[in-house]
Amino acid sequence: MAAPKVAVVGAGVVGLSTALCVAETCPSCSVTVLSDQFSPNTTSDVAAGMLIPHTYPGTPIHVQKQWFKETFTYLFAISNSAEASEAGIHLVSGWQVFKNTPKEELPFWSDIVLGFRPMSKAELQKFPHHQFGQAFTTLKCDCPPYLLWLEKRLKAIGVQMYTRKVADLWELNSEYNVVVNCAGIGAHQLVGDEKLFPVRGQVLKVHAPWVKNFIRDGDGLTYIYPGIHSVTLGGTREKESWSLSPDPGTTKDIFDRCCSLEPSLRGAQDIKVKVGLRPSRQCVRLQREVLSQGGVKLPVVHNYGHGAGGFSVHRGTAKEAAHLVGECIAALQGSSSRAKL
Ligand code: FAD
């Protein structure tokens, strides 16, 4: 069999990192990324990019933990290299604070982030409306720079990238041997997945360089995440809303909630509003499927539905998707050598 041709549909953090893992694990493959949008116009560009996992109720915790660990280890190495600034990856310390002590005082990811510990009474004095908190250091991706860094790495190893809207995965059958579906919320239409739904998120990106620590309310709704170039203030979680228009009332509400956690934000400048649709599902769809028409087959690997936690687990799920692509190629090579006998 000639060099297997692999198409990855989607150029958000999941598509780009999956294309990279496929190219790394199968150097003989010819990998192409096809996407109707690239950075800065993807959901991944809107994200805060914090490595604090979201929990997928339909995926075993040990699997989610493995995805997070692989992603943390990968990005930690980048943060500790000369590439860190260009890739937009940095360590950030801060606090997750709770109005009431949570049932689970130790989240499953507490031994992967650095220095996880309960907050001291003195630290909690900063948050008079909260009675419990956790302090730790994690990683943050500045999302557009990270996506551009991934694109640059892909180009450097010969991966082709084309702007193209794919109406049906089957249309790629004559050009590619394996297709990887990383279409995010676009998979709702692309493969008609009714289990996939949007959770709208509105955030503000502000200039407030004096804010150095992250602060996250334990309910996950209000957060302050300092990045290299701006501070992300959040947020909202609006299930089944497809609207990409910013809502001015929500902007004021987010700003007020964040100022009540960090009053110095009243002096923030240059407020930009962004909206994105989290591609949400009970579990990430990470599986092989074989499409078939008139006796012709097209192996597909799905890797979408990362909801509120795509950055936190992207490298782990990309590695697993690349492994599934390897299985598809082995199956194709097996059938082509059987056909020659
Ligand atoms: P996307 O970034 O949406 O990429 C999908 C790609 O597929 C796009 O390039 C699109 O153009 C392409 N596409 C779709 N349909 C087609 C088609 N038919 N043909 C061709 N191309 C197609 N996660 C974290 O881990 N930490 C955070 O702090 C965090 N903060 C967030 C804050 C907000 C406000 C939001 C909205 C999300 C946040 N997330 C966070 C979640 C994270 O953004 C997502 O999980 C992640 O971006 C999903 O990546 P993706 O590549 O699957 O999707």
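Ligands are counted one by one from 1 in listed order, and the atoms in each one are counted from 1 as well. Quick note: residue numbers are just sequence positions, from 1.
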**OP:** Just need the protein heavy atom nearest to atom 12 (C) of ligand 1, so name the residue and atom and give the distance.
**Re:** S35 OG, 3.4 Å
Original post:
How close does the nearest protein non-hydrogen atom get to atom 53 (O) of ligand 1, and which residue and atom is it?
Top reply: G184 CA, 3.8 Å
Original post:
Have S35 and Q37 got a donor and an acceptor in their side chains that come within less than 3.5 Å?
Top reply: no
Subject >> Part of A308 with heavy atoms under 4.0 Å of ligand 1, whether side chain, backbone, both or neither >> reply: backbone
Original post:
Do any N/O atoms on T43 end up under 3.5 angstrom from N/O atoms on ligand 1?
Top reply: yes
Subject >> Approximate separation, where rounding is to 0.5 Å, of Y304 OH and T317 OG1 >> reply: 13.5 Å
Original post:
Do E86 and R153 sit within salt-bridge range, that is, some charged N less than 4.0 Å from a carboxylate O?
Top reply: no
Subject >> Atom indices of ligand 1 within 4.0 angstrom of K165 heavy atoms, with elements >> reply: 19 (N), 20 (C)
Original post:
Does ligand 1 have any atom sitting under 4.0 Å from a heavy atom of V9?
Top reply: yes
Original post:
Is S312 in polar range of ligand 1, meaning some N or O pair under 3.5 Å apart?
Top reply: yes
**OP:** Give the residue, atom name and distance (to 0.1 Å) of the protein heavy atom nearest atom 51 (O) of ligand 1.
**Re:** V14 N, 3.1 Å
Subject >> Selection from V166, V199, V203 by shortest heavy-atom distance to atom 17 (C) of ligand 1 >> reply: V166
Subject >> Distance in Å, R216 CZ paired with I52 CD1, rounded so as to fall on 0.5 Å steps >> reply: 5.0 Å
Original post:
Touching ligand 1 at all, R164? Heavy atoms, strictly under 4.0 Å?
Top reply: yes
Original post:
With respect to atom 48 (C) of ligand 1, which of A48, S280, P279 exhibits the smallest heavy-atom separation?
Top reply: P279
Original post:
Just distances here: any N/O of Q37 and N/O of ligand 1 closer than 3.5 Å?
Top reply: yes
Subject >> G201 N/O to ligand 1 N/O under 3.5 Å >> reply: no
Original post:
Does an N or O from G276, backbone or side chain, lie closer than 3.5 Å to an N or O of ligand 1?
Top reply: no
**OP:** Tell me whether the centres of the aromatic rings in H306 and W67 are closer together than 6.0 Å.
**Re:** no
Original post:
Atom CG in D217, atom CD in Q96: separation rounded to 0.5 Å?
Top reply: 8.5 Å
Original post:
Taking atom CD of Q189 as the centre, does the number of heavy atoms from other residues, nucleotides or ligands within less than 6.0 Å exceed 12?
Top reply: no
Subject >> Residue and atom name of the nearest protein heavy atom (relative to atom 7 (O) of ligand 1), distance in Å to one decimal >> reply: G10 CA, 3.3 Å
Subject >> Closest approach of any protein heavy atom to atom 14 (C) of ligand 1, naming residue and atom >> reply: A183 O, 3.2 Å
**OP:** Tell me which one of K274, R278, R200 gets a heavy atom nearest to atom 37 (C) of ligand 1.
**Re:** R278
Subject >> Interatomic distance, S174 atom OG to L172 atom CG [nearest 0.5 angstrom] >> reply: 8.0 Å
Original post:
Any N or O of V46 that comes nearer than 3.5 Å to an N or O of ligand 1?
Top reply: no
**OP:** Would you mind running through ligand 1 and noting each atom that sits below 4.0 Å from a heavy atom of V13?
**Re:** 49 (O), 51 (O)
Original post:
Should the pair R237-D219 be classified as a salt bridge under the 4.0 Å nitrogen-to-oxygen rule?
Top reply: no
Subject >> Minimum-distance protein heavy atom relative to atom 45 (O) of ligand 1 >> reply: G307 O, 2.7 Å
**OP:** Between G49, S44, G309, flag the one that comes closest to atom 1 (P) of ligand 1 by a heavy atom.
**Re:** S44
Original post:
Under 4.5 Å between any side-chain heavy atoms of W109 and T55, yes or no?
Top reply: no
Subject >> E83/K152 ion pair, N-O < 4.0 Å >> reply: no
Original post:
For residues E327 and H323, is any side-chain donor paired with an opposing acceptor at under 3.5 Å?
Top reply: yes
Subject >> Atoms in ligand 1 flagged as close to H306, the criterion being non-hydrogen separation under 4.0 Å >> reply: 45 (O)
Original post:
In terms of atom number and element, which parts of ligand 1 are under 4.0 angstrom from non-hydrogen atoms of C182?
Top reply: 5 (C), 6 (C), 7 (O)
**OP:** Please test F98 against F127 for ring pair (Phe, Tyr, Trp, His ring centres under 6.0 Å), starting from the C-alpha separation and ending with a verdict.
**Re:** CA-CA 9 Å; F98 297 82; F127 305 101; over 10 Å; no
**OP:** Assess whether atom NZ of K69 is packed by more than 12 heavy atoms of other residues, nucleotides or ligands within 6.0 Å.
**Re:** no
**OP:** Test side-chain contact (heavy atoms from CB on, under 4.5 Å) on I78 and Y74 and set out the steps.
**Re:** CA-CA 7 Å; I78 298 173; Y74 177 71; 3.7 Å; yes
Original post:
Which atoms of ligand 1 have any heavy atom of F311 under 4.0 Å away?
Top reply: 23 (N), 24 (C), 25 (O)
Original post:
Can you list the atoms of ligand 1 that are under 4.0 Å from a heavy atom of G186?
Top reply: 14 (C), 15 (N)
Original post:
Taking non-hydrogen atoms only, is A167 closer than 4.0 angstrom to ligand 1 via side chain, backbone, both or neither?
Top reply: neither
Original post:
Please state which protein non-hydrogen atom is closest to atom 28 (O) of ligand 1 and give its distance, to 0.1 Å?
Top reply: M50 N, 2.9 Å
**OP:** Say whether A47, considering both its backbone and side-chain N or O atoms, lies within less than 3.5 Å of an N or O atom on ligand 1.
**Re:** no
Original post:
Is any side-chain heavy atom of L324 closer than 4.5 Å to a side-chain heavy atom of N303?
Top reply: no
**OP:** Could you tell me the residue and atom name of the protein heavy atom closest to atom 11 (O) of ligand 1, and the distance to it rounded to 0.1 Å?
**Re:** D36 OD1, 2.4 Å
Subject >> Salt bridge D193-R281, side-chain N to carboxylate O under 4.0 Å >> reply: yes
